[in-house]
Each structure stands twice: as C-alpha cells, then as structure tokens.
Amino acid sequence: MGSCFVQISAILGICVLVAGVMTEQKKKLRRDAPVLLGSILALFLLGLDGEISGSEGLWMILTYVAYLVYLFKSTIKRHQEPEKKAAQS
C-alpha cells in the first residue's frame with residue numbers, strides 16, 4: 001500500500017516538473033521567435049544587393065547588442081520580482 005502512494009506521488013511530481021519546464025520553454029520561444037524571424041528577414045533584405053556594407057554590419061551588431069541588453073535586463077527584473085514580493089509580505 002505504501003509503495004503505491006510513493007509511485008503515484010513520484011509520477012505526479014515528475015509531471016509537474018516537466019510541465020513547469022515546458023511552460024518556461026514556451027515563454028522563451030514566444031520572446032525569441034519574433035527576434036529570430038526578424039533577424040533572418042533583415043539579413044535577407046540587407047543581402048539582396050549581393051553584399052553587406054560596413055554600416056549594415058554595424059547596424060546588425062548594434063541591434064544584437066541591444067537585444068542582449070534587453071535579455072539581461074529582463075532576466076534581472078524577473079529575478080528581482082520574487083524578492084520584492086517576499087519583502088512586501
């Protein structure tokens with residue numbers, strides 16, 4: 001009888017862990033997919049003339065750096081929110 005409860009609890013726990021990971025992956029995909037598609041489109045459009053100039057390359061690098069800064073700030077913000085909620089309680 002006891003092993004039955006342990007097995008059910010283990011299966012439910014594993015399901016919750018996997019569902020939590022899948023939810024987090026969906027959030028990341030929802031955030032990153034438009035940027036990925038936009039960068040592919042930008043590279044295609046910039047390369048239509050057969051070459052990518054220095055200014056176009058600089059624009060792509062600066063856009064990438066801006067995206068990295070956005071990711072960094074959003075990660076910091078996401079980690080600070082639970083601390084603020086805990087401090088308010």
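These numbers come from a predicted model, not from an experiment. The first residue in the sequence is number 1, and the count goes up from there.
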For the CG atom of L71 and the CD1 atom of I76, what is their distance to the nearest 0.5 Å?
11.5 Å

Residue list, side chain to side chain contact (heavy atoms under 4.5 Å, CB included) with I14, at least two apart or on another chain
V18

To the nearest 0.5 angstrom, please state how far the CH2 atom of W59 sits from the CD1 atom of I52.
10.5 Å

Would you compute the distance between atom CG of L37 and atom CG of D32 and round it to the nearest 0.5 angstrom?
11.0 Å

Separation between CG (L41) and CG (L46), nearest 0.5 Å, reads 9.0 Å

Crowding at OH, Y67 (>12 non-hydrogen neighbours, <6.0 Å)
yes

Separation between CG (L62) and OG (S55), nearest 0.5 Å, reads 11.0 Å

Roughly how far apart are L48 CG and L43 CG, rounded to 0.5 Å?
10.0 Å

If I compare all heavy atoms of E56 with all of E51, which pair ends up nearest, and what's the gap?
OE1-O, 3.8 Å

